[in-house]
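First the proteins, then the strands, lettered A, B, ... as listed; each starts at 1. Hydrogens, waters and symmetry mates are skipped; everything else that's a heavy atom, side chains included, is used.
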There are 2 protein chains.
Amino acid sequence: MTFQLDQFLPYRLSIAAAEVSRRFAERYAAEAGLSIPEWRVLAHLAHSGSVSIRDITRRVHLDKSVVSRAASRLEQAGHVAKCGHDGDRRLIALCLTPQGEALMARLAHIANDFQTHLQDLLGKDADAFDAGLTRLLDQAGRPDNRS
Amino acid sequence: MTFQLDQFLPYRLSIAAAEVSRRFAERYAAEAGLSIPEWRVLAHLAHSGSVSIRDITRRVHLDKSVVSRAASRLEQAGHVAKCGHDGDRRLIALCLTPQGEALMARLAHIANDFQTHLQDLLGKDADAFDAGLTRLLDQAGRPDNRS
DNA sequence: AAATATTCGTTGTGATTGCAACGATCCTAA
DNA sequence: TTAGGATCGTTGCAATCACAACGAATATTT
């Protein structure tokens, strides 16, 4: 039974993802000193308006403790404000401050550039690659409701 | 400037890789109680014969401290033996024990099944998806010589 | 309404990671 | 030959993560 690790899809996928993330993280770390969780929280807030930590946790694939601490750091940096939620006092409504919006505008530009760069790199395989990702992600979200 | 995190390629890639790895890790953790680094070291040894930690570090995309500790655990579990290298006494020659080979035979079967499962899931996009991964990985290995 | 269960965000904890020393060994050049 | 530098594997350390426990607030059940 032969087995070649470097032809094994989960391995290749993992290395590719780590490398792509590392490269992109370099850029927004240089721009704003953000960690990966901080970037994700910020990016999610950018197109979701006011959201609770629970919502972010669910949509952004991070543990709630990670989101909580990332949100605190973002708040301390002045990018995010924590307003109490109206109806449910357990919830916290996170939203971007004007400063956070300005930062996110710059980051969105960087992100879109990076995405374009990747699509160029993928060339003719770009569409099928993305379709494949969709299939893997659909399968992922299916069975467990993530604790 | 609109930005949708869940259409952003590095993010999608990262989630997909994490999910695929998690699923596969479930299987070999159930079979042998291995961590991801331990699995990678074992899998690399399976088709590389006797190798040093340095070699594994380079080919398997893990820090040398991680490889070192994984190798120690594998040795303690009896899957791997550390023989001194012939010419260079700085190097360590890692190789599978018979027990390690037997384990790896079972794991190779599990891995190949999983790979087949993923390819079925990808369907007609499988080839292009793999080609895309190759492009991303080629780009990755290019510029820096990884410390 | 009272009691119980569930959910929210935070915080504590053990394990793991990445990075930087460190001794030991080997290589290179004077 | 010998001194200076490079490389090997290990280990120490700070930062981070996953998971559990917790108080507070809300839902649900009786």
Side-chain angles (χ1 to χ4, degrees), chain A residues 14-15 17-19 21-23 25-26 29 33-41 44-45 50-77 80-95 144-147, chain B residues 14-15 17-19 21-23 25-26 29 33-41 44-45 50-77 80-95 144-147:
Chain A
S14 176
I15 304 303
E19 193 62 27
S21 282
R22 194 185 63 79
R23 296 218 169 182
E26 271 177 12
L34 297 178
S35 69
I36 291 182
E38 286 160 14
W39 150 254
R40 285 197 190 170
V41 168
H44 182 67
L45 282 176
S50 166
V51 204
S52 70
I53 288 199
R54 169 193 55 159
D55 288 328
I56 300 182
T57 294
R58 285 182 180 158
R59 297 199 187 171
V60 126
H61 289 257
L62 294 172
D63 189 78
K64 61 182 179 173
S65 63
V66 174
V67 174
S68 173
R69 293 189 244 249
S72 295
R73 284 191 296 261
L74 288 172
E75 184 192 25
Q76 194 163 8
V80 154
K82 291 183 179 177
C83 331
H85 192 273
D86 310 333
D88 192 333
R89 273 182 302 181
R90 290 172 304 180
L91 298 172
I92 285 186
L94 289 175
C95 55
D144 63 327
N145 281 0
R146 188 152 308 285
S147 75
Chain B
S14 174
I15 304 304
E19 192 62 26
S21 283
R22 192 185 65 79
R23 297 219 168 182
E26 271 177 12
L34 297 178
S35 69
I36 291 182
E38 286 159 14
W39 150 255
R40 286 197 190 170
V41 168
H44 183 67
L45 282 177
S50 167
V51 204
S52 70
I53 290 201
R54 169 194 56 159
D55 287 328
I56 300 183
T57 294
R58 286 184 180 156
R59 297 200 188 166
V60 124
H61 289 257
L62 294 172
D63 188 79
K64 61 181 181 173
S65 64
V66 175
V67 174
S68 172
R69 293 190 246 250
S72 294
R73 285 190 297 262
L74 288 173
E75 184 192 24
Q76 195 164 10
V80 154
K82 291 183 180 176
C83 330
H85 193 275
D86 310 333
D88 192 333
R89 274 183 302 181
R90 292 171 302 179
L91 298 171
I92 286 186
L94 289 175
C95 55
D144 63 329
N145 280 1
R146 187 152 311 282
S147 75

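In this structure, A/Asp55 atom CG and C/dG9 atom C1' are separated by 13 Å, rounded to whole Å. The nearest whole Å value for the distance from the CG atom in A/Leu91 to the P atom in C/dT6 is 18 Å. In this structure, A/Arg54 atom CZ and C/dC8 atom P are separated by 4 Å, rounded to whole Å. If you measure from atom NE2 of B/His61 to atom P of C/dT17, you get 16 Å, rounded to the nearest angstrom. Regarding A/Arg89, its CZ atom lies at a distance of 11 Å from the P atom of D/dA27, rounded to whole Å. Between the CD atom of B/Gln76 and the C1' atom of D/dT10 there is a distance of 15 Å, given to the nearest Å. In this structure, B/Ile53 places its CD1 atom 15 Å from C1' of C/dA24, rounding to the nearest Å. When the C1' atom of C/dT17 is taken as reference, atom CZ of A/Arg22 falls 16 Å away, rounded to whole Å.
Nucleic acid contact class of A/Gly87 (heavy atoms, under 4.0 Å, all strands): sugar-phosphate only.
Applying the side-chain contact (heavy atoms from CB on, under 4.5 Å) rule to A/Ala81 yields the partners A/Cys95, A/Thr97; only residues at least two apart in sequence or on another chain are considered. In this view, B/Ser52 and B/Arg54, B/Asp55, B/Leu91 satisfy the side-chain contact (heavy atoms from CB on, under 4.5 Å) rule, not counting sequence neighbours. For A/Lys82, the salt bridge (charged side-chain N to carboxylate O under 4.0 Å, His left out) test picks out A/Glu75, with sequence neighbours left out. With sequence neighbours excluded, no residue forms a salt bridge (charged side-chain N to carboxylate O under 4.0 Å, His left out) with B/Arg89.
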Taking N or O atoms only and anything under 3.5 Å, show me the protein contacts with nucleotides 4-6 of chain D, one pair per line.
none

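Defined by atom type and a distance below 3.5 Å, a donor-acceptor pair is present between the side-chain atoms of B/Ser14 and A/Arg40.
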> Reading nucleotides 16-23 of chain D 5' to 3', which nucleotides get B (base under 4.0 Å from a protein heavy atom), which S (sugar-phosphate only), which -?
Replying inline: -SBB----
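Not one side-chain nitrogen or oxygen of B/Lys82 sits closer than 4.0 Å to the OP1 or OP2 atom of D/dC8.
Salt-bridge formation is not detected for the pair B/Glu26/B/Arg23: no Lys NZ or Arg NE/NH1/NH2 atom is positioned less than 4.0 Å from an Asp or Glu carboxylate oxygen.
Taken to the nearest 0.5 Å, the CZ atom of A/Arg58 stands 12.5 Å off from the CD1 atom of A/Ile56. Distance check, rounded to the nearest 0.5 Å: CG of B/Leu94 to CG of B/Leu74 gives 8.5 Å. Note that CH2 of B/Trp39 and OG of B/Ser21 are 11.0 Å apart. Values are rounded to the nearest 0.5 Å.
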